J.: 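Take this structure, written in structure tokens, and hold onto it; I'll ask about it next.
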Amino acid sequence: MSDTVIRVENLAKKYVLGQQEEGSSYKTFRGAMTNAAKSFSNALNPRAKKEARATKGEFWALKDVSFEIKQGDRVGFIGRNGAGKSTLLKVLSRITEPTSGSIRIKGRVASLLEVGTGFHPELTGRENIFLNGAILGMSKVDIKRKFDEIVAFSEVEKFLDTPVKRYSSGMYVRLAFAVAAHLEPEILIVDEVLAVGDAQFQKKCLGKMEDVGKEGRTVLFVSHQMSAVESLCNRGILLQSGKLCLDDNPQKVINAYLDSAYTLAEKIPLNRRTDRKGNGKVKVSSFRVLNQEGDEQQALQSGKDYYFEIGYQSNLGNYLNNAIVSLDFYDEKNTRVIMLQNKFTNSQLTLDPKGGSIICGIKNLLLANGLYRIGIFISYGDSEILDWIEDAASICVDGGDFFGTGSPGLPSHCKVLVKAEWSSTESADSIFDYQKL
Ligand SMILES: Nc1ncnc2c1ncn2[C@@H]1O[C@H](COP(=O)(O)OP(=O)(O)OP(=O)(O)O)[C@@H](O)[C@H]1O
Ligand SMILES: [Mg+2]
């Protein structure tokens with residue numbers, strides 16, 4: 001395999017809907033899954049192939065996926081919700097078995113998968129660090145040598161002797177990432193950790209992954225944040241409905257992904273979309289943007305007032321108070337530029353058991369020219385996601401008179417517009433002298 005560290009051939013993963021998954025006991029673990037992968041591990045059971053016939057209730061999360069990864073590659077896996085990214089990382093990390101195909105891995109793997117796998121909840125942070133190090137085949141001395149660095153990175157020093165089940169999800173992910181990244185794995189696998197932490201922590205994680213890459217180690221990374229993939233990775237792999245559809249430099253792969261994301265949002269009516277999360281008790285069925293007069297708008301203008309109308313179907317049975325509804329606006333690099341949420345303004349929303357619509361009104365749209373995607377999220381309280389479509393719609397912002405100057409020529413090289421007052425002073429005066437005048 002020379003400098004090839006991962007070779008995946010004809011990999012497929014079938015889920016039987018409604019059936020407990022083998023390996024699902026890991027779901028009771030939380031945080032990082034650090035998994036020692038033995039050199040050149042198993043070619044998989046050939047009998048499995050025969051059993052891989054599609055029948056009712058089966059679902060192929062991965063199909064016929066083949067690729068090779070070289071030592072030192074930093075690969076960004078991208079794709080829509082449900083494309084199979086997390087499944088692929090779980091299979092590579094040996095958390096779940098593939099249905100057919102083969103994987104060969106050369107080197108020790110540390111994985112940070114979606115929150116919900118990894119640490120032992122009853123053990124303290126300190127104990128989990130040692131446990132994970134041991135799983136990774138490190139000696140106690142080696143782990144001790146790395147210990148302080150891990151603690152410093154994670155910033156959870158005060159809680160080191162607390163069982164991790166008492167950690168907040170932020171603390172959890174901090175420690176989990178620190179463990180996975182610092183215990184000198186040869187291959188680091190990270191799924192969406194950036195979605196959880198705050199901005200400063202995200203930056204720190206990206207920096208650490210870059211360091212790991214510079215040291216010649218291999219990084220596999222899933223993110224919906226295109227800017228992160230662009231800055232960290234030297235290679236991109238696009239998954240679509242469980243299939244590998246492009247393996248190229250990150251920029252090409254990102255462009256292909258964004259093209260497909262924008263067009264799909266337009267083609268399939270919202271109530272028939274399957275790329276959604278949530279328990280299905282409520283289903284977003286339509287989304288429209290209306291102007292002040294109630295006319296539907298295709299292109300929006302900066303500085304104007306709008307209503308966003310979310311139609312929904314309901315299986316609730318009762319009226320539901322305390323619904324939380326979010327509209328998330330993403331730019332073409334998948335950075336969330338705006339988030340509108342009724343919780344921010346303490347606005348009560350009640351969902352009707354017969355279905356209905358939710359209206360969100362905004363004044364003075366501050367988006368600059370460009371194309372934006374909108375994600376729609378509905379939950380009950382903080383815990384129960386009712387429906388969530390990340391690529392629900394796309395809108396185009398084009399022109400407008402945001403600054404009230406009568407000139408519609410607006411910048412397109414920024415995302416958000418803010419009115420500012422400009423002035424100048426003579427060189428001797430400071431701005432404060434000026435303000436006193
Ligand atoms: N345990 C399971 N049982 C049944 N289906 C599953 C299971 N885990 C995942 N799936 C399905 O497999 C498909 C791929 O899921 P996966 O989590 O790999 O997607 P993803 O690309 O990581 O999506 P996201 O961007 O939302 O994280 C989805 O349709 C999902 O519903
Ligand atoms: Mg995922």
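Here the structure is a predicted model, which is why all the values come from computation and not from measurement.
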J.: Residues in side-chain contact (heavy atoms from CB on, under 4.5 Å) with V337, at least two apart?
T.: D331, L367, Y372, K415, V416
J.: Is the side chain of R7 donor-acceptor paired with the backbone N or O of T4 at a distance under 3.5 Å, no angle test?
T.: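 Not a single qualifying donor-acceptor pair exists.
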J.: So does D64 pair up with K243, basic N to acidic O under 4.0 Å?
T.: no
J.: Step through it carefully: locate the ring centre of Y167, locate the ring centre of F119, and say whether they are under 6.0 Å apart.
T.: no
J.: How about F308 and F329: are their ring centres within less than 6.0 Å of each other?
T.: yes
J.: Please name all residues satisfying side-chain contact (heavy atoms from CB on, under 4.5 Å) with R217, sequence neighbours left out, ordered by chain then number.
T.: E184, P185, V212, E215
J.: Spell out, as yes or no, whether a donor-acceptor pair under 3.5 Å connects the side chain of N128 to the backbone of H120.
T.: yes
J.: Let me have the donor-acceptor pairs involving side chains of residues 317-324, under 3.5 Å, with sequence neighbours excluded, atom names and distances please.
T.:
{"unit_1": "N321", "atom_1": "OD1", "unit_2": "T350", "atom_2": "OG1", "d": "2.9"}

J.: Does D382 have any side chain to side chain donor-acceptor pair (under 3.5 Å) partners at least two apart in sequence or in another chain, and if so, which?
T.: K343
J.: Using the side chain to side chain donor-acceptor pair (under 3.5 Å) criterion, which residues pair with N279? Sequence neighbours excluded.
T.: E384
J.: Scan residues 152-161 for pairs that pass side-chain hydrogen bond (donor to acceptor under 3.5 Å, both in side chains), counting only residues two or more places apart or in two chains.
T.: R126-D161, E155-R174, E155-K204
J.: Can you list everything that forms a side chain to side chain donor-acceptor pair (under 3.5 Å) with N249? Sequence neighbours excluded, please.
T.: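 Partners of N249 under the side chain to side chain donor-acceptor pair (under 3.5 Å) test: none.
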J.: Can a donor-acceptor pair be found between the side chains of T218 and D73 at a distance below 3.5 Å?
T.: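 Their side chains do not contain a donor-acceptor pair, so the 3.5 Å distance test is not met.
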J.: By side chain to side chain donor-acceptor pair (under 3.5 Å), which residues pair with D328, not counting sequence neighbours?
T.: R336
J.: Partners of I359 by side-chain contact (heavy atoms from CB on, under 4.5 Å), sequence neighbours excluded?
T.: Y307, E309
J.: Filter on ring-ring contact (aromatic ring centres under 6.0 Å, His included), then keep only pairs touching residues 333-362, sequence neighbours left out; what's left?
T.: none
J.: Does K70 come within less than 4.0 Å of E68, counting only side-chain N to carboxylate O?
T.: yes
J.: How many angstroms lie between CG in L270 and CD in Q313, if you round to the nearest 0.5 Å?
T.: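 Taking CG in L270 and CD in Q313, the distance rounds to 10.0 Å.
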J.: Do any pairs count as a salt bridge (Lys or Arg N to Asp or Glu O under 4.0 Å) and have a residue in residues 220-229, sequence neighbours left out, and if so which ones?
T.: none
J.: For D248, what residues pass the side-chain contact (heavy atoms from CB on, under 4.5 Å) criterion, not counting sequence neighbours?
T.: L246, K252, V253
